Participant: 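Sending over a structure as structure tokens; questions will come in a sec.
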Amino acid sequence: MRAQSSATAAPRIAVADAPDRPGLGTLQAALGVVAFSLTFPATAWGLEGFGPWSLVAVRSVLAAVIAGGCLLALRVPLPARRHWPGLAVVGAGVVLGFPLLTTLALRTSTTAHAAVVVGLLPLTTALFSALRVGTRPSRTFWIAALAGAAAVLAFTVQQSGGALSTADVYLFAALLVCAAGYTEGGRLARVMPGWQVIGWALALCLPLTVPAAALALAQEPVRLTAHSVTGLLWVAAGSQFLGLVVWYRGMAAIGIPKASQLQLAQPLLTLVWSVLLLGEHLTVAAPLTAAAVLVCIAVTQRARG
């Protein structure tokens, strides 16, 4: 397949940025948020039958098979060489880093706890976006950002008995790598369709995920149940590919800051799924902290215009 020319990319920028399609972009980003809100419950289900390394590696391989089949069927040309570093960031953050770190965290953390911590993701993404494009956030932005971070830090310390747990360390690291991947993915989705961004990122990771899946499946016991298979299929097809397709398309259409506003609902949705699907019992601190983070992130978005 040949490299995509700049002449081909130009009209795609115009389509992605078309001002008459903000409603569609908002809908796509919202569908991505719903898909992501189910990721932690689905991961918890997957861990009932798979080890953490097997679950992450196999989900990435399955998602790459789906994405690769679409790329081949549509004869999509290879991205231009200048886009591969950005795709590598997407792969490292969204395909490998975030799924692995959150899966390791969910071995000992409840999905409700993880949802509150990862509720800082829109704020972290907005910060990465500001740094990436060279803008200088206002003082109000920084005050709200620090307040949101302080609320989550206080919650995690209180829930962990006075100190950060290993799961919390995994979750905070996941925030950073995922925000970097979201930012680069949103930028690339302005010059190529969003599904191709995640598709090529998944394909780029195949030399790592295929041997990792084979090794992990040989070392970790597998118990196929309705929950474990459903969880695996959702995180592979729903979270890892389809959700990211509509999410990146939405970000390209309405912009990263506006898309991040929609993601404010993700932690609260995950709290609902954790009760309905997993039967978890929420402490009062979980929804209160999620709501406090929501307010802080809303302030940051207004501060950035």
Side-chain angles (χ1 to χ4, degrees), residues 29-50 52 55-56 59 98-124 148-149 151-161 164-172 174-175 178 223-240 242-244 246-247 260-298:
L31 289 175
V33 169
V34 173
F36 299 152
S37 72
L38 283 161
T39 299
F40 285 174
T43 299
W45 275 5
L47 287 172
E48 294 179 12
F50 295 89
L55 183 61
V56 172
R59 71 180 270 185
F98 185 79
L100 177 59
L101 291 167
T102 53
T103 300
L104 291 174
L106 286 171
R107 292 181 304 167
T108 56
S109 171
T110 65
T111 59
H113 180 93
V116 173
V117 176
V118 178
L120 281 176
L121 184 56
L123 187 152
T124 314
V152 170
L153 184 61
F155 170 81
T156 54
V157 170
Q158 186 269 332
Q159 293 287 299
S160 302
L164 292 180
S165 65
T166 301
D168 292 326
V169 174
Y170 285 140
L171 291 171
F172 281 116
L175 280 174
C178 189
R223 185 168 60 91
L224 298 181
T225 64
H227 274 185
S228 64
V229 173
T230 301
L232 171 63
L233 293 178
W234 178 258
V235 294
S239 303
Q240 192 84 71
L242 297 177
L244 286 167
V246 292
W247 175 244
S260 295
Q261 285 182 317
L262 295 174
Q263 205 173 19
L264 298 176
Q266 184 175 326
L268 297 176
L269 284 174
T270 300
L271 292 181
V272 173
W273 300 133
S274 69
V275 173
L276 296 179
L277 300 178
L278 303 176
E280 292 184 359
H281 299 285
L282 301 182
T283 64
V284 176
L288 288 179
T289 305
V293 171
L294 187 153
V295 172
C296 291
I297 299 174

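Reckoned from all heavy atoms, side chains included, excluding hydrogens, waters and symmetry mates. Bear in mind the structure is a predicted one, so any value in this text is a computation, not a measurement. We count residues from 1, following the sequence as given.
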Participant: When you measure from the side chain of Ser228 to the backbone N and O of Arg223, does any donor-acceptor pair fall under 3.5 Å?
Facilitator: yes
Participant: Are Trp247 and Leu31 close enough, and set up right, to give a side-chain contact (heavy atoms from CB on, under 4.5 Å), and what steps lead you there?
Facilitator: CA-CA 7 Å; Trp247 175 244; Leu31 289 175; over 6 Å; no
Participant: Does a side-chain heavy-atom distance below 4.5 Å link Thr102 with Thr43?
Facilitator: no
Participant: Return the set of residues passing side-chain hydrogen bond (donor to acceptor under 3.5 Å, both in side chains) with Thr230 (not counting sequence neighbours), or none when no residue passes.
Facilitator: none
Participant: Where is the tightest heavy-atom contact between Ala286 and Val116, given as atom of each residue plus distance?
Facilitator: O-CG2, 3.6 Å
Participant: In chain order, what residues pass the side-chain contact (heavy atoms from CB on, under 4.5 Å) check against Leu104, with sequence neighbours excluded?
Facilitator: Pro52, Trp53, Leu100, Arg107, Tyr170
Participant: Please enumerate all residues that pass side-chain contact (heavy atoms from CB on, under 4.5 Å) together with Val272, with sequence neighbours excluded.
Facilitator: Leu276
Participant: Using the test side-chain contact (heavy atoms from CB on, under 4.5 Å), find all partners of Ala112 that sit at least two apart in sequence or belong to another chain.
Facilitator: Thr110, Leu271, Ser274, Glu280, Leu282
Participant: With side-chain contact (heavy atoms from CB on, under 4.5 Å) as the criterion, how do Val118 and Phe98 come out once you've worked through the C-alpha distance, each side chain's angles and the decisive distance to 0.1 Å?
Facilitator: CA-CA 10 Å; Val118 178; Phe98 185 79; 4.0 Å; yes
Participant: Minimum heavy-atom separation for Trp45 and His227, please, with both atom names.
Facilitator: CB-O, 3.4 Å
Participant: Once you round to the nearest 0.5 Å, how far does NE2 of His113 lie from OG1 of Thr283?
Facilitator: 9.5 Å
Participant: Enumerate donor-acceptor pairs with a distance under 3.5 Å from any side-chain N or O in residues 32-42 to protein atoms, sequence neighbours excluded.
Facilitator:
{"from": "Ser37", "atom 1": "OG", "to": "Val34", "atom 2": "O", "distance (Å)": "2.7"}
{"from": "Ser37", "atom 1": "OG", "to": "Trp273", "atom 2": "NE1", "distance (Å)": "2.9"}
{"from": "Thr39", "atom 1": "OG1", "to": "Phe36", "atom 2": "O", "distance (Å)": "3.0"}
{"from": "Thr39", "atom 1": "OG1", "to": "Ser239", "atom 2": "OG", "distance (Å)": "2.7"}

Participant: Which atom names give the shortest non-hydrogen contact between Ala290 and Leu268, and what distance separates them?
Facilitator: CB-CD2, 3.6 Å
Participant: Give the C-alpha distance, both sets of side-chain angles, the deciding distance and a yes or no for side-chain contact (heavy atoms from CB on, under 4.5 Å) between Leu101 and Leu171.
Facilitator: CA-CA 6 Å; Leu101 291 167; Leu171 291 171; over 6 Å; no
Participant: Show the nearest heavy-atom pair for residues Thr124 and Leu175, with the distance to one decimal.
Facilitator: CG2-O, 3.9 Å
Participant: Give, for atom CZ of Phe50 and atom OG1 of Thr225, the distance between the pair rounded to the nearest 0.5 Å.
Facilitator: 8.0 Å
Participant: If every non-hydrogen atom of Ala114 is compared with every non-hydrogen atom of Ser109, which pair is closest and at what distance?
Facilitator: N-OG, 3.8 Å
Participant: Could you check whether any side-chain heavy atom of Val235 comes within less than 4.5 Å of a side-chain heavy atom of Gln240, counting everything from C-beta outward?
Facilitator: no
Participant: Could you go through Ser165 and Thr108, starting from their C-alpha distance and side-chain angles, then the distance that decides it, and tell me whether this counts as side-chain contact (heavy atoms from CB on, under 4.5 Å)?
Facilitator: CA-CA 9 Å; Ser165 65; Thr108 56; 5.9 Å; no
